[in-house]
Structures are given as C-alpha cells and as structure tokens.
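Reviewing the structure listed below.
Index from 1, following the sequence. All ligand and atom numbering here is 1-based and tracks the order in the structure.
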Amino acid sequence: MEQIKIIIAGPRGRMGSEAVKLVTNQDHFELSAVVDHKYDGMMLSDLEGFHSIHNVPVYSNIETCLQNVQADVLIDLTTPEVGMHHAKTALAYNVRPVVGTTGFTTSDLEELERICQERQLGCIIAPNFAIGAVLMMKFSQMAAKYFNDIEIIELHHDQKLDAPSGTAVKTAEMISAVREEKSQGHPNEKETIQGARGATFNGMHIHSVRLPGLVAHQQVLFGSDGQTLTIRHDSYHRGSFMSGVKVAVESVMTQNTFVYGLENILE
Ligand SMILES: NC(=O)c1ccc[n+]([C@@H]2O[C@H](COP(=O)([O-])OP(=O)(O)OC[C@H]3O[C@@H](n4cnc5c(N)ncnc54)[C@H](O)[C@@H]3O)[C@@H](O)[C@H]2O)c1
Ligand SMILES: O=C(O)C1=N[C@H](C(=O)O)CCC1
C-alpha cells in the first residue's frame, strides 16, 4: 500500500493522542509532524507521553508546518475555530483534511465544500468516527420513515465544549432528509423552566447530557401509537473512533470532493 504522510493537529488531546498511536502503529502511515498551540520548535519525543516517537517536529503554526513538511493528509482534532482555519490552510497547500473536530456551522461546511470544488481536492468531515455510531445514524434514518415523532438524547463527558454534539446534529440532518416535517408535542406546550424541551431541529428535540464518567453516547427515541423504538450507541473509550479515522485517511487519498459524514465512504 502507498505510504501516506500525515500531520496531526491537537496531538496532546484525548482524541489526538489516540490518533498519534494509530498513525505510528500503521506501516503505511507516516507521522510527518504535529501541530500544537504550545511547544513550537520541539520534537514530539520531548513531550510527556510521546518519548518513544522520534523524528516528528512540533509546529504551533499550521502555515509554517505546511511550508516545511511534505504531507498528504491533515488529521484535525482540536476546536471548531482552529479546525476550520487548519482545514482551509491545508487545502490551500494541497493537503487533504480529515476532520473529527465538531461544532462547525452550516456556513463553515458550505465554505469548505466550495474550496474543495475549486481545488478538486478531497476533505472528510466526520462528526463521529465510530462505525457503530454511523450505523446508529443510518438505522435512525431508516426508522424515521415509519416513525416521525423523534427525540434525540446525546450524552457526553463534561469536558465537551460543543452542544448539541456533532453526532446529534448529523443524526437530525439525516432524519430530516426523509422525515415528513412535523412540530412535535402539544401545540400549547409551555416550558416552565427554560430549556426543558431541549433544542429544536426541524420540529425534533435534542437533549444534551454532560457528566464525568461518560465518553460518547446517543439514543434516538421514536414514538408512535402504543409503541416506542430506541436506537442507542455507546463509545466506552476513544479507541472506538480509530478504525474510522484509519478508513477516512485511506479514503480521502482517492477523493476529489467534500465528504460530510463517514456513512458516505463506508461500503
Ligand atoms: N469525530 C469523532 O469521532 C470525535 C470523537 C471525539 C471527539 N471529537 C471532537 O474532536 C475534538 C477534540 O476532542 P478532544 O476530546 O480530543 O478534545 P481535547 O480538548 O482533549 O483536545 C483538543 C486539543 O486541541 C489542542 N488545540 C487547541 N488549540 C490548538 C491549536 N491552535 N493548534 C493545535 N492544537 C490546538 C489542545 O491543546 C488539545 O490538546 C472536539 O471537537 C470533539 O468534539 C470527535
Ligand atoms: O468527545 C467528544 O467530544 C465527541 N464528539 C463527537 C460529537 O460531537 O458528536 C463525537 C463523539 C465524541
């Protein structure tokens, strides 16, 4: 298999550190550099937890990194503002982004799609890399053809910055593509405590739970006359996302378009 040269942004994070392990454990992947907002000019092996990973420079500026390092793919696992800047800069240097960072707006996604079109370059934005989560979204879309009253409950660790989660937004978007438009609940319902009914997306409700001890979980509840259906996925540790990161990196090398969601590249 062809060697793929990779830059990881956010290597010291919960996801980034798993991605460093993934990339350095694959024979056909090469970790060319990392981008971290600290430790510019150092080597990754100087940083706590990475002493055995040699010859990987640390850059604090994505542009300097892309000017100095030859790479095929940028994996971004940072924050939405940083991730957007990184993805745009990577595309400007003909490097294909694989972005797991969540919290992008619709206009961010449209902008990236336009740049990919102009440059004829692949970019994968995956709100959830766990294969089980992708299936949960697809099964929910299937179920939504038969049940159009739906509540999404997403549950994550309490260090998560964005709410609702990228997965919940993507699930609601996929359901909206097939669900007959409906405003749910009683037409006269009133919240006596603001937020009690969660966020509203095309008439569906999304509830975000944040607790220490959780990793990433979501259940989609469907209701109909005399019956309910619940579809649930749980990620218990971040290793659950890594097979999806691997597939995305391999796939983006053959893509010349913008891809939003891993379901679009899984066979
Ligand atoms: N797509 C998925 O399957 C998936 C799974 C888990 C998390 N996520 C998303 O990935 C992102 C990261 O999650 P996390 O739990 O690893 O967060 P984290 O806070 O543990 O890690 C983020 C890292 O980004 C780094 N960072 C911040 N600014 C930076 C900059 N300017 N340059 C380089 N690095 C910078 C921070 O130092 C930190 O190490 C979040 O948006 C989260 O929602 C996605
Ligand atoms: O831990 C996180 O943060 C996660 N974010 C993604 C989301 O927002 O959907 C995927 C699951 C984990």
Side-chain angles (χ1 to χ4, degrees), residues 7-22 33-40 42 44 47-50 58-66 74-90 97-105 108 124-134 136-137 152-174 206 208-220 233-249 259-263 265-266:
I7 296 169
I8 296 178
R12 288 181 300 117
R14 286 175 288 265
M15 278 292 280
S17 54
E18 281 294 326
V20 168
K21 270 193 250 166
L22 168 82
V34 294
V35 180
D36 191 301
H37 59 113
K38 283 186 182 168
Y39 307 115
D40 190 42
M42 289 175 76
L44 188 58
L47 311 190
E48 194 56 46
F50 300 107
V58 182
Y59 289 90
S60 284
N61 182 294
I62 185 75
E63 189 131 23
T64 317
C65 176
L66 291 162
L74 166 78
I75 300 176
D76 187 88
L77 296 159
T78 59
T79 62
E81 297 74 24
V82 173
M84 185 63 190
H85 172 61
H86 283 175
K88 285 200 292 186
T89 314
V98 167
V99 180
T101 306
T102 54
F104 288 155
T105 62
D108 288 338
I124 297 177
I125 308 282
N128 201 314
F129 285 115
I131 307 301
V134 177
M136 174 263 296
M137 290 185 252
I152 299 173
I153 306 177
E154 55 96 342
L155 310 92
H156 283 82
H157 58 92
D158 65 346
Q159 296 305 301
K160 184 161 179 61
L161 296 177
D162 53 319
S165 69
T167 309
V169 174
K170 180 67 168 149
T171 308
E173 289 168 351
M174 286 172 68
I206 305 179
S208 297
V209 177
R210 297 291 176 262
L211 284 173
L214 293 171
V215 177
H217 317 259
Q218 179 169 296
Q219 59 189 51
V220 185
H233 174 261
D234 299 274
S235 272
Y236 298 107
H237 62 78
R238 291 175 181 83
S240 62
F241 303 112
M242 293 303 129
S243 57
V245 175
K246 178 172 175 282
V247 169
V249 168
V259 176
Y260 172 46
L262 216 58
E263 69 281 2
I265 58 165
L266 291 177

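- Polar contact with ligand 1: absent for Val82 (N/O pair, distance under 3.5 Å).
- You'll find the side chain of His156 reaches within 4.5 Å of the side chain of Arg210, heavy atoms only.
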Stepwise side chain to side chain donor-acceptor pair (under 3.5 Å) check, Glu63 with Thr89: CA-CA 7 Å; Glu63 189 131 23; Thr89 314; 5.4 Å; no
Derivation and outcome, side chain to side chain contact (heavy atoms under 4.5 Å, CB included), residues Arg14 and Lys160: CA-CA 11 Å; Arg14 286 175 288 265; Lys160 184 161 179 61; over 6 Å; no
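- Among all non-hydrogen protein atoms, the one lying nearest atom 38 (C) of ligand 1 is Gly13 CA, 4.1 Å.
- At the shortest separation from atom 19 (O) of ligand 1 among protein heavy atoms lies Arg14 NH2, 3.5 Å.
- Counting only heavy atoms from C-beta outward, the side chains of Leu44 and Asp36 never approach each other to under 4.5 Å.
- For atom 1 (O) of ligand 2, the choice among His157, His217, Lys160, Gln159 with the nearest heavy atom turns out to be His157.
- Looking at Phe50 and Ser17, their side chains come closer than 4.5 Å, going by heavy atoms from C-beta outward.
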Check against side chain to side chain contact (heavy atoms under 4.5 Å, CB included), Asp40 and Asn61: CA-CA 8 Å; Asp40 190 42; Asn61 182 294; 5.9 Å; no
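- The nearest protein atom to atom 9 (C) of ligand 1, hydrogens excluded, is given as Gly100 O, 3.4 Å; this is a heavy-atom distance.
- Between Leu211 and Asp158 there is no side-chain heavy-atom pair separated by less than 4.5 Å.
- Within the 4.5 Å cutoff, the side chain of Ile153 has heavy atoms near those of the Leu155 side chain.
- Counting only non-hydrogen atoms, the option in His37, Met15, Lys170 that gets closest to atom 26 (N) of ligand 1 is His37.
- Heavy-atom proximity to Thr167, at under 4.0 Å, picks out these atoms of ligand 2: 7 (C), 9 (O), 10 (C).
- Against a heavy-atom cut-off of under 4.0 Å, Asn128 is close to the following atoms of ligand 2: 10 (C), 11 (C).
- Within the set Pro127, Ala133, Ala126, Ser165, the minimum heavy-atom distance to atom 10 (C) of ligand 2 is found for Pro127.
- Nearest heavy atom pair, residue Ala163 against residue Ser208, reads CB-OG, 4.0 Å.
- Between Thr171 and Gln218, the closest side-chain pair of non-hydrogen atoms falls below 4.5 Å.
- The ligand atoms of ligand 1 that sit less than 4.0 angstrom from a heavy atom of Asn128 are 1 (N), 2 (C), 3 (O).
- Assignment of Gly103 to the shell around ligand 1 is not supported, since no heavy atom sits closer than 4.0 Å.
- Distance check: Met15 CE to Thr78 OG1 gives 11.5 Å after rounding to the nearest 0.5 Å.
- Of the N or O atoms in Ala126, one or more lie within a sub-3.5 Å distance of an N or O in ligand 1.
- Test Thr79, Asp162, Asp76 against Thr101 for side-chain hydrogen bond (donor to acceptor under 3.5 Å, both in side chains) and you get one pass: Asp76.
- Contact annotation for Asp162 and ligand 1: only side-chain heavy atoms (C-beta onward) come within less than 4.0 Å of the ligand.
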Full working for side chain to side chain contact (heavy atoms under 4.5 Å, CB included) between Val34 and Ile7: CA-CA 5 Å; Val34 294; Ile7 296 169; 5.9 Å; no
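- Counting protein heavy atoms only, atom 25 (C) of ligand 1 is closest to Gly10 CA, 4.0 Å.
- Close approach of ligand 1 to Phe129 (heavy-atom distance below 4.0 Å) involves ligand atoms 1 (N), 2 (C), 3 (O).
- Atoms of ligand 1 lying under 4.0 Å from at least one heavy atom of Leu77, given by number and element, are 12 (C), 22 (C), 23 (C), 24 (O).
- Of the protein's non-hydrogen atoms, Val35 O, 3.3 Å is the one closest to atom 33 (C) of ligand 1.
- Tested against Ile152 for a side chain to side chain contact (heavy atoms under 4.5 Å, CB included), the candidates Val220, Val169, Thr167 yield a single pass: Val220.
- In the vicinity of Thr102, heavy-atom distances shorter than 4.0 Å reach the ligand 2 atoms 6 (C), 7 (C), 8 (O).
- At least one heavy atom of His86 sits less than 4.0 Å from an atom of ligand 1.
- For Lys160, every heavy-atom contact with ligand 1 shorter than 4.0 Å involves the side chain, none the backbone.
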Test log, rule side chain to side chain contact (heavy atoms under 4.5 Å, CB included), inputs Leu77 and Ile75: CA-CA 7 Å; Leu77 296 159; Ile75 300 176; 3.9 Å; yes
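- Taking every heavy atom of Ala216 and a limit of under 4.0 angstrom, the matching atoms of ligand 2 come to 11 (C), 12 (C).
- Below 4.0 Å from some heavy atom of Gly166 lie the following atoms of ligand 2, by number and element: 7 (C), 8 (O), 9 (O).
- For the pair Lys170 and Glu263, the salt-bridge criterion is met [side-chain N within less than 4.0 Å of a carboxylate O].
- By the 4.0 Å heavy-atom criterion, Ala9 is excluded from the residues contacting ligand 1.
- Nearest protein neighbour of atom 11 (C) of ligand 1, counting heavy atoms only, is Thr78 O, 3.4 Å.
- Neither the backbone nor the side chain of Pro11 comes within 4.0 Å of ligand 1, counting heavy atoms alone.
- Residue-level proximity to ligand 2 for Lys170 is absent, since no heavy atom of it falls below 4.0 angstrom.
- Closest heavy-atom approach to atom 41 (O) of ligand 1 among the candidates Thr102, Val58, Asp36: Thr102.
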